[in-house]
Amino acid sequence: MRNVSVERDDYSRSVVDQPTSFATTAYRRDRRDEAQPFGDNDNAWLAVATMLEQAALFPGRDRPAKLRAVLRFARSAVDRNVMRRLQFREWQRVGLAKTDPVVGIADEAHDAGAFHLAAHILDSVLVVADALTTLQRGRIIDRRARAVAKLGHTNASADQYRLLLRLGTTSRVPELRARAFLGQAALAQMRGNYPEVVRLATKASILADRYRLAVVSRHAHGGLMIAAAVGGRFDQALAEGWLVYRASRGEPREEAEILQNLAQALFDAGHAHEAGAGFAAVACRDLPARFILPALGGLARAAAVLGDASTVRWSSREIDRLARSSAPKYSLASALLESAQALAAAGEPAAATRRARAAADLARAHGFHEIEYKADSLQFSDASREHPNPETLGPKAAAVARNVAQLAPKRLPDHLKAALIG
């Protein structure tokens with residue numbers, strides 16, 4: 001595999017002289033509305049980011065020594081479970097890099113909702129670490145594009161995924177092509193372009209399955225499951241989604257993500273009771289806001305269909321609480337829209353109007369066209385509690401629905417844990 005220590009890619013050249021911001025500035029942006037730190041490791045994230053930032057100021061010949069100091073500290077500070085997930089599950093023990101502990105620190109910040117800081121760390125390591133293979137550099141660009149997308153900067157994220165695809169194509173690294181297609185599929189979903197989701201996720205799944213890239217394959221098939229549900233192919237969506245769920249056992253965040261998608265497919269198929277159980281199961285887990293917000297929005301809508309106004313109001317209040325955190329812009333806009341739809345159906349048009357306006361403003365600012373259109377065109381007078389005629393599910397899909405229903409928590413808490421905010 002070609003080493004890019006001499007011929008650096010376009011991305012690293014674009015940031016080599018001027019990192020995006022100071023680490024403290026990035027952290028302040030993430031903490032803007034937070035009363036408490038994201039977790040126990042905030043100081044370590046800031047230390048790694050600042051050390052990288054300082055290393056970038058030194059001449060190239062002095063950087064390796066500075067980087068070694070950063071790596072020693074990062075190895076001592078990063079969560080062991082994060083490293084296990086990164087190197088064993090994500091990288092599958094292929095192409096491991098000395099910089100992986102820094103990427104693990106960025107993953108911690110990202111997963112807690114500190115997207116500016118995560119992006120800054122990834123920018124800085126691309127500047128400082130010259131001796132990376134094409135695969136290693138591309139993996140960091142992929143994660144940088146993901147963080148940018150979570151901030152709602154979809155055009156910038158799209159540029160980085162195009163760079164990643166070019167890098168994977170010219171260097172003949174299939175994993176980078178698969179990750180680029182997967183990232184582009186995620187952006188297409190944010191924009192509501194489901195034919196593109198199918199096209200791009202199919203490309204990602206073919207490459208991932210051919211080269212046994214387990215995590216990429218899982219996400220790609222999850223995207224195809226979402227597209228199948230949007231297209232009304234519920235038997236296919238539920239059957240494929242349950243396979244992904246079973247493959248995610250033992251990884252709480254992966255379980256939550258696919259369970260959320262299964263619940264959404266059940267809701268779209270008219271099975272509100274089973275959908276509500278799935279949404280509630282995710283909402284009550286100890287997870288960051290990017291997982292909880294979609295579950296709360298779905299739970300509110302399912303409860304509205306079932307005429308459960310108290311759960312609609314509870315879900316909407318919890319969305320409001322999470323809206324004050326550093327939540328991903330797409331997840332927040334989508335949850336606000338679903339809260340508006342649910343409150344309209346529950347006969348609370350004033351509260352619904354406020355949330356619809358907030359969803360439309362956020363979506364308009366970040367290019368989430370489908371959410372913007374739905375929020376602007378929400379018709380409160382047409383809202384109804386009536387349960388739609390449920391789709392008749394085939395045997396396999398019906399079994400999935402029963403399995404999801406059994407995951408419902410016994411009761412909803414008064415409030416979600418404060419640790420979830422972030």
Side-chain angles (χ1 to χ4, degrees), residues 28-35 112-116 147-157 186-187 189-192 260 264 267 279 282-283 287-305 308-385 412 415-416 418 420-422:
R28 280 198 298 271
R29 288 177 182 172
D30 290 324
R31 280 282 308 277
R32 183 179 53 193
D33 299 313
E34 291 288 345
F115 303 119
H116 288 99
V148 169
K150 294 288 175 59
L151 289 167
H153 304 315
T154 52
N155 289 335
S157 181
L187 293 179
Q189 183 184 339
M190 287 183 176
R191 292 166 173 157
Q260 156 77 22
Q264 186 62 52
F267 180 81
F279 289 131
V282 175
L287 296 164
R290 65 190 177 97
F291 295 97
I292 302 301
L293 276 167
L296 286 170
L299 178 59
R301 291 194 67 193
V305 168
D308 183 358
S310 63
T311 298
V312 172
R313 288 190 290 271
W314 177 86
S315 300
S316 298
R317 286 195 302 270
E318 294 303 300
I319 290 170
D320 289 344
R321 291 178 65 237
L322 291 170
R324 295 190 290 271
S325 72
S326 300
K329 299 300 185 287
Y330 180 81
S331 298
L332 178 55
S334 181
L336 286 167
L337 171 61
E338 292 188 301
S339 173
Q341 293 168 324
L343 287 163
E348 299 189 28
T353 299
R354 288 194 299 273
R355 287 167 175 80
R357 287 174 179 167
D361 289 344
L362 193 58
R364 194 173 296 113
H366 297 290
F368 307 145
H369 304 304
E370 183 183 28
I371 294 175
E372 179 186 356
Y373 173 77
K374 288 181 178 179
D376 281 337
S377 61
L378 190 61
Q379 298 294 319
F380 304 111
S381 60
D382 295 336
S384 172
R385 292 183 184 176
L412 295 172
H415 293 290
L416 299 176
L420 296 177
I421 300 177

All ring pair (Phe, Tyr, Trp, His ring centres under 6.0 Å) counterparts of Phe291, not counting sequence neighbours: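 Counting only residues at least two positions away or on another chain, Phe291 forms no ring pair (Phe, Tyr, Trp, His ring centres under 6.0 Å).
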
What closest approach, in Å, do [X] and [Y] show between heavy atoms, and which atom pair accounts for it?
| X | Y | value |
| --- | --- | --- |
| Leu336 | Ala358 | CD1-CB, 4.0 Å |
| Leu287 | Val282 | CD1-O, 4.1 Å |
| Ile371 | Ala359 | CG2-O, 4.3 Å |
| Ala289 | Pro294 | O-CD, 4.2 Å |
| Ala295 | Ala283 | CB-N, 3.8 Å |
| Ala300 | Val312 | O-CG2, 3.4 Å |

Please report the interatomic distance [atom1]([X]) to [atom2]([Y]), rounded to the nearest 0.5 Å.
| X | Y | atom1 | atom2 | result |
| --- | --- | --- | --- | --- |
| Leu362 | Arg357 | CG | CZ | 16.0 Å |
| Leu332 | Phe368 | CG | CZ | 9.5 Å |
| Ile292 | Arg321 | CD1 | CZ | 11.0 Å |
| Leu296 | Ile319 | CG | CD1 | 5.0 Å |
| Arg31 | Arg28 | CZ | CZ | 11.5 Å |
| Tyr330 | Leu293 | OH | CG | 12.5 Å |

Listing request: all ring-ring contact (aromatic ring centres under 6.0 Å, His included) pairs with a residue in residues 336-364, at least two apart in sequence or in separate chains. none

Who are the side-chain hydrogen bond (donor to acceptor under 3.5 Å, both in side chains) partners of [X], not counting sequence neighbours?
| X | answer |
| --- | --- |
| Ser339 | Ser316, Arg355 |
| Arg364 | Asp361, Glu372, Asp376 |
| Ser331 | none |
| Gln264 | Asp268 |

Could you walk me through whether Leu299 and Leu412 pass the side-chain contact (heavy atoms from CB on, under 4.5 Å) check? CA-CA 11 Å; Leu299 178 59; Leu412 295 172; 4.3 Å; yes

Donor-acceptor pairs under 3.5 angstrom involving side-chain atoms of residues 149-157: please list them, not counting sequence neighbours.
from, atom 1, to, atom 2, distance (Å)
Lys150, NZ, His110, NE2, 3.2
Thr154, OG1, His366, O, 3.4
Asn155, OD1, Arg191, NH2, 3.2
Ser157, OG, Ala145, O, 2.9

